[in-house]
Amino acid sequence: MIPKDHPRYRSLVARERLARCAREGIVAMEGLAAHGRGEAFDYLIGEKTTKSAALAARTAAAILLSARHAVISVNGNTAALAADEIAALQRASGADVEVNLFHRTEERMALITRLLTEHGVRVLSGTPERLVPLSHDRALCLPEGIGDADVVLVPLEDGDRCAALRAMGKTVITIDLNPLSRTARTATLTVVDEVTRAIPAITAACSSLGPGEGERLVASLDNTYLLRAAIDEMRERLAHALE
Ligand code: PTJ
C-alpha cells in the first residue's frame, strides 16, 4: 500500500504498476530500466508539461487529425501506464491502435492486447509481415496497420525503429522524455513529456484546435526547435535547482 500523502505518490504508483505488469509479462524487464531513464529526465523538466511540450502536443493532434491513416503503436510500458489514455486518444483522433513490440513474443502480444481491450481500446488484429526494414522480429507489423499508415505515433520508441519508419516515408510522432535520444532526434515530431501527461494533452488538443490552427501548426513544425526548447527548459531549471 502506497500512502496517498507520500510526496512522490504518483511516481511510486507508476513504479508499482510497472513492476506488477513486469511480473505478469506485460512489461519487458528492459522496460523497467527504460522507465528509470525517463524518470530522471522527468525530474529535469519539473514533472510537468512544459511550454514547448504543450506546443508539440497540439501539433501532434493536428498531424493525427489530418492523417490519411494514423496508427498508434503501443508497447508494454505504454500499455501498462496509459491504457485508459490511449482509449481516449483513439476516440478523439480516430486512429487505429496496433500492438508493436521491441521484445516481441506471442505471449506478450496477447497479454497487451487483452489489457488494452479491457480498457476500451479497439486493437487491430491480423497477420503481421516483415515490412519494416529491420532485422529479426522488429520488422514485423500489420500490412493494414503500421504498414499502411502515413502517420505513426510511437510513444517510448527505440531509435532504430523510429529511423526505419521514417525511411519508409512515414510521419513519425514520438513521446520521449529524453530530448537527446536517437528517437527524439529522428522523429518528425517529439513530445518531450511523460506519456501519461502527453497523451491526454494530445487528446484534449484534438477537440480544441481552432479554425486553421492545425494547418498553421503543421506548416511551422520544427522538431529541432522543440528539442532545443526542451533542453533550454531543463537547463533553466538546473540553474535555479537549489534556490
Ligand atoms: O514493450 P517493448 O518490448 O516494446 O519494449 C519497450 C521498451 C521501452 C523497453 C523499448 O522500446 C526500449 O528499449 O526503449 P528505449 O530505447 O529504452 O527508449 C525508451 C525512451 O522512452 C527513453 O528515451 C526514455 O527516456 C523514455 N521514457 C521512459 N519512460 C517514459 C519515457 N518517455 C515518456 N514517458 C515515460 N513514462
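Indexing begins at 1, ligand by ligand and atom by atom, following the structure's order.
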> Out of D176, L180, V192, who gets a non-hydrogen atom closest to atom 26 (C) of ligand 1?
Replying inline: D176

> Relative to the heavy atoms of E157, which atoms of ligand 1 are at a distance of less than 4.0 Å?
Replying inline: 18 (O)

> If we only count N/O pairs under 3.5 Å, is R104 in contact with ligand 1?
Replying inline: no

> Sub-3.5 Å donor-acceptor pair from the side chain of K51 to the main-chain atoms of E233, do we have one?
Replying inline: no

> If every non-hydrogen atom of D176 is compared with every non-hydrogen atom of A184, which pair is closest and at what distance?
Replying inline: OD2-N, 4.4 Å

>> If we count only N and O atoms by modelled type, under 3.5 Å, do the side chains of D84 and H119 hold a donor and an acceptor together?
In response: yes

>> Looking at ligand 1, would D193 count as a contact under a 4.0 Å heavy-atom criterion?
In response: yes

> What residue and atom, counting heavy atoms only, is the protein's closest point to atom 32 (N) of ligand 1, and at what distance?
Replying inline: L177 N, 3.2 Å

>> Under a 4.0 angstrom heavy-atom cut-off, which atoms of ligand 1 come close to N178?
In response: 23 (O), 25 (O)

> Hey, which atoms in ligand 1 end up nearer than 4.0 Å to a heavy atom of G31?
Replying inline: 9 (C)

> Tell me: protein heavy atom nearest atom 34 (N) of ligand 1, and distance?
Replying inline: V195 N, 3.0 Å

> According to the side-chain hydrogen bond (donor to acceptor under 3.5 Å, both in side chains) rule, which pairs have a member within residues 122-131, sequence neighbours left out?
Replying inline: R130-D137

> Which ligand 1 atoms, with their elements, are less than 4.0 angstrom from a heavy-atom of L81?
Replying inline: 36 (N)

>> Any donor-acceptor pair under 3.5 Å linking the side-chain atoms of D96 with those of H69?
In response: yes

> To the nearest 0.1 Å, how far is atom 35 (C) of ligand 1 from its closest protein heavy atom, and which atom is that?
Replying inline: E194 OE2, 3.6 Å

> What heavy-atom pair brings E39 and S11 nearest, and what distance separates the two atoms?
Replying inline: OE2-OG, 3.2 Å

>> Ignoring hydrogens and geometry beyond distance, is a side-chain donor-acceptor pair present between T196 and E194 at under 3.5 Å?
In response: yes

> Can you tell me which residue and heavy atom of the protein come closest to atom 8 (C) of ligand 1, and the distance to 0.1 Å?
Replying inline: A34 CB, 3.8 Å

>> So, regarding G76 and ligand 1 (criterion: nitrogen or oxygen to nitrogen or oxygen, under 3.5 Å), is there a contact or not?
In response: yes

>> For the CZ atom on R228, are there more than 12 heavy atoms of other groups (residues, nucleotides or ligands in this structure) within a distance under 6.0 Å?
In response: no

> Hey, any chance I202 and V218 share a hydrophobic cluster, counting ILVMFWY side chains that come within less than 4.5 Å of each other, even indirectly?
Replying inline: yes

> What's the shortest distance from atom 10 (C) of ligand 1 to any protein heavy atom, and which residue and atom give it?
Replying inline: F102 CB, 4.1 Å

> Can you tell which of V191, I26, T105, L156 gets a heavy atom nearest to atom 19 (C) of ligand 1?
Replying inline: L156

> Looking at R108, which atoms of ligand 1 are within less than 4.0 Å of one of its heavy atoms?
Replying inline: 1 (O), 2 (P), 3 (O)

> Among protein heavy atoms, which sits nearest to atom 6 (C) of ligand 1, and what does the distance come to when rounded to 0.1 Å?
Replying inline: N75 ND2, 3.6 Å

>> When you compare ligand 1 with N77, is there at least one nitrogen or oxygen pair between them that comes in under 3.5 angstrom?
In response: no

> Can a donor-acceptor pair be found between the side chains of R138 and N100 at a distance below 3.5 Å?
Replying inline: no

